[in-house]
Peer 1: 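The structure is given below, and queries will be raised subsequently.
Chain letters run A, B, ... following the sequence lines, proteins first and then strands; every chain starts at 1.
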2 protein chains.
Amino acid sequence: MEAAEHDKRKCPSHLSTTECTKQLLPVKDALDILSGKWKLQIILSLTFGKKRFKQIQREIPGLTPKMLSKELKELEINELASRHVYDTSPVTVEYELTAYGKTLKPLIEELHKWGTKHRKKIIARAVRD
Amino acid sequence: MEAAEHDKRKCPSHLSTTECTKQLLPVKDALDILSGKWKLQIILSLTFGKKRFKQIQREIPGLTPKMLSKELKELEINELASRHVYDTSPVTVEYELTAYGKTLKPLIEELHKWGTKHRKKIIARAVRD
DNA sequence: GATATCGGTATACTTTAGGAAACCACTATA
DNA sequence: TATAGTGGTTTCCTAAAGTATACCGATATC
C-alpha cells in the first residue's frame, strides 16, 4: 500500500512528495536572506568594509532609516552582519559583514552569472521581435 | 576632480558607485525568477517531467488556479517552461521545463547548499539558547 | 438530465512590503 | 541660542502580493 501511493511522475523514486517539499525549505531560507528591495544593496555596501548607519543610507539613494534599520536587524539576527557601538559623541555605530556573511559571496556570484545570461537572452529576444 | 569623487570605502577602485549597483541588476533578475510563494515549488514539480495544469495544482496544496496560471505565464515569458496544447476532449495542456529552464538547477543547488548550512547554524543557536 | 473534469478567468477581499514624514535624546559647531 | 549631525523609532499611508469564491464552455460519465 505505502509503496503504491508513490507517484513517480511527481518525485524521484527515493523521495516522497512531502520529502520533496522539505528539500525546498533551505532554498527558501537562502532566498529570503537575499530578496527584498534593499538587502542585496546593503550586503554589497558592507562587502567593501565597515560602514556606519548614515553612511550606508547616503550610499543607497531612496533607502529610508526605517528600512535600513529593519534590514540591518535581520542581518544581525542571521549572524551575517555585526553591530559595534562606540561610546563617542555623538554615538558611533558600525556595521560589518561577519566571516559567515562573506560565505554568501559564491552564492551571489552564481546568481550574477545566471542573471547575466538571462538578461542577454531576454534582451536578444526583445531586439529580434 | 572626477577621480577625487570616488570613495574607496564604498566600491572597489575600478568601479564607480553607479557601476556597482548596475552589477546588482542581473542578480535581482535571477532572484525575481525564483522568489514568490509558489515559483520554486512549480519549477521543482516540472523538473520531474511534463505536467498538466490540474496535476501541478493537485501536487501543491493551497495553490489556487489563479496563482498557478500567473506563475506558468511568467515561466513561459522567461522561456523557462513551454506550454503544449493537445486537441483532445477535454483539452489537454502540458507544461514542461525547457532546456534553458534546466540551467536553473545548479543555481538552485547552490541556494540549497547555503540554505542547509544556514538552517543548521540557526537551529544550533536556538538549541544553545 | 445531473454531475464531474479539463484549463483556466473574473471579482472581491486580506495581508504584507515598503514609503513619507515627523520625531527622539544627545552633542558639536556657528 | 539656533542649527546640524548622530542612530535610530513611530505613525500613517499606499501598492503589490496573495487568497477565496464563483464562474466559463467544452465533453464524458453516471
Peer 1: Please tell me if Ser69(B) has a side-chain N or O lying less than 4.0 Å from either OP1 or OP2 of dG8(C).
Peer 2: no
Peer 1: Take atom CD1 of Ile56(A) and atom P of dG8(D), then tell me their distance rounded to the nearest Å.
Peer 2: 9 Å
Peer 1: Within the structure, does a side-chain N or O atom of Lys73(B) lie under 4.0 Å from either OP1 or OP2 of dT9(C)?
Peer 2: yes
Peer 1: Rounded to the Å, how far apart are Lys39(B) NZ and dA17(D) P?
Peer 2: 8 Å
Peer 1: Does Lys66(B) contact dT19(D) through a side-chain donor or acceptor facing the base, at a distance under 3.5 Å?
Peer 2: yes
Peer 1: Over how many whole Å does the gap from Lys54(A) atom NZ to dA28(C) atom P extend?
Peer 2: 18 Å
Peer 1: To the nearest Å, how far apart are Lys70(B) NZ and dT11(C) C1'?
Peer 2: 17 Å
Peer 1: For Thr88(A) and Pro65(A), take the nucleotide of DNA chain C holding the closest heavy atom to each; which residue's nucleotide lies nearer the 5' end?
Peer 2: Pro65(A)
Peer 1: Got more than 12 heavy atoms from elsewhere within 6.0 Å of NZ, Lys28(A)?
Peer 2: yes
Peer 1: Among dC6(C), dG7(D), dG7(C), which nucleotide has an atom closest to any side-chain atom of Arg83(B)?
Peer 2: dG7(C)
Peer 1: Measure the distance from CG on Leu63(B) to P on dA20(D) and round it to the nearest whole Å.
Peer 2: 11 Å
Peer 1: With respect to Tyr95(A), which candidate in Lys51(A), Arg83(A), Gln55(A) satisfies the side chain to side chain donor-acceptor pair (under 3.5 Å) definition?
Peer 2: Arg83(A)
Peer 1: For the backbone of Ser35(A) and the side chain of Lys39(A), can you confirm whether one donor and one acceptor N or O come within less than 3.5 Å of each other?
Peer 2: yes
Peer 1: Is there a side-chain contact between Arg58(B) and the phosphate of dC6(C), meaning an N or O under 4.0 Å from OP1 or OP2?
Peer 2: yes
Peer 1: Okay, side chain of Thr116(A), backbone of His112(A): is any donor-acceptor separation there less than 3.5 Å?
Peer 2: yes
Peer 1: What does Lys37(B) touch in the nucleic acid at a heavy-atom separation under 4.0 angstrom: a base, only the sugar-phosphate, or nothing?
Peer 2: sugar-phosphate
Peer 1: How many Å lie between CG on Leu34(A) and P on dA17(C), as a whole number?
Peer 2: 16 Å
Peer 1: Tell me the interatomic distance from Leu31(A), atom CG, to dA17(D), atom P, rounded to whole angstroms.
Peer 2: 15 Å
Peer 1: CD of Glu94(B) versus C1' of dG7(C): gap in Å, rounded?
Peer 2: 13 Å
Peer 1: Between Ser89(A) and Ser35(A), who's closer to the 5' end of DNA chain C by nearest nucleotide?
Peer 2: Ser35(A)
Peer 1: At less than 4.0 Å, is any side-chain N or O atom of Arg52(B) found next to OP1 or OP2 of dC6(C)? Yes or no.
Peer 2: no
Peer 1: Angle class for the Trp114(A)/Tyr100(B) ring planes (parallel below 30°, perpendicular above 60°, tilted otherwise)?
Peer 2: parallel
Peer 1: Determine the contact category for Tyr86(B): base if any of its heavy atoms lies under 4.0 Å from a base atom, sugar-phosphate if only primed atoms, P, OP1 or OP2 are that close, otherwise nothing.
Peer 2: nothing
Peer 1: Heavy atoms under 4.0 Å, any strand shown: does Gly62(B) hit a base, just sugar-phosphate, or nothing?
Peer 2: nothing
Peer 1: Measure from the side-chain heavy atoms of Met67(B) and tell me the nearest of dG7(C), dT19(D), dT5(C).
Peer 2: dT19(D)
